[in-house]
Amino acid sequence: MVEKGRLYVVSGPSGVGKNTVIDKAIAGRDDICFSTSVTTRKPREGEIDGEDYFFVDRETFDKMVRDGELLEHATYVSNGYGTPKAFVEEKISQGMSVISDIDVQGGRQIKAATDYSVLIFIVTPTMDELRKRLEARGTETEESIRSRLERAKAEYAESIDYDYIIVNDDLDTAAEEMKAIFTAEKCRYKNREFYLKEV
Ligand code: ADP
Ligand code: 5GP
């Protein structure tokens, strides 16, 4: 028997720092890998296809949905986003953990469909700080910032089924909190029960 992998779903408003915290928390680890999502959104400057996202057109995205290639999918501010199923299932079956940045609609679908998911919600200390981060990232128009802040309020309300909340105020502290979750989940009784059976 081996300890099983988990699918860590990381949600929270756009600009809250999900990818920044994930990168810091998994740096140098070989037991957790990042799942790259598919999106119909246009790449932002500096984003790399296959690394930040698999950027696809609407037709391709809809076909992936129809063919059952996505573990979950959702529309976020008029674009489609989804998690490729084959990658996640292969890694989990190998005992690896997978982490992905997924919105709350997708997180809830994953929780209902799998018994290996852990849902983490990230917040900023205040909404004002969230606006500042979106502005500082410099990748969104004023209109897009407004829609993302509106969406953030709805996401807070929808995060009720989540397992953990990380406050991303100081980045190092937030990454430490995420690592603590990895450790706690690894030590869960259910995950290590097989040690008792070998006695
Ligand atoms: P998300 O993946 O949630 O959309 P990003 O990881 O792209 O967010 O972060 C949004 C912006 O906020 C980036 O410019 C990032 O450098 C900045 N950021 C992330 N975490 C912090 C933090 N703890 N303090 C200040 N700025 C941060
Ligand atoms: P962004 O456009 O800022 O990269 O992401 C917008 C939103 O889409 C974020 O809330 C992010 O969590 C979400 N997202 C990214 N990838 C996926 C995915 O594969 N599935 C779902 N449901 N949401 C995703």
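In what follows, residues are counted from 1 in the order of the sequence shown. This is a predicted model, so every value here is computed, not measured. Read the numbers this way: they start at 1 and go in the same order the structure lists the ligands and their atoms.
Taking only nitrogen or oxygen atoms, main chain and side chain alike, Gly82 reaches within less than 3.5 Å of ligand 2. At under 3.5 Å, not a single nitrogen or oxygen of His73, backbone or side chain, sits near a nitrogen or oxygen of ligand 2.
A salt bridge links Lys24 to Asp172: one of the charged nitrogens lies within less than 4.0 Å of a carboxylate oxygen. Comment: Glu158 engages Arg151 in a salt bridge, judged by a side-chain N to carboxylate O separation of less than 4.0 angstrom.
Within the listing of ligand 1, atoms 5 (P), 6 (O), 9 (O), 15 (C), 19 (C) sit less than 4.0 angstrom from a heavy atom of Thr20.
Here the rule is salt bridge (Lys or Arg N to Asp or Glu O under 4.0 Å) with Glu140, and of Arg146, Arg44, Arg131, Arg133 only Arg44 fits it.
Using a 4.0 Å cutoff on heavy atoms, Glu72 counts as a contact of ligand 2.
In this comparison of Asp169, Asn168, Asp170, Asp52, the heavy atom closest to atom 20 (N) of ligand 1 sits on Asn168. Of the listed options Gly15, Ala175, Gly138, Gly15 places a heavy atom closest to atom 10 (C) of ligand 1.
The nearest pair of heavy atoms linking Pro84 to Ser37 is CD-CA, 4.1 Å.
By the criterion of a heavy-atom distance under 4.0 Å, the side chain of Lys18, and not its backbone, is placed next to ligand 2. Under 4.0 Å from ligand 2, not a single heavy atom of Gln109 appears.
The closest protein non-hydrogen atom to atom 11 (C) of ligand 1 is Arg133 O, 4.0 Å.
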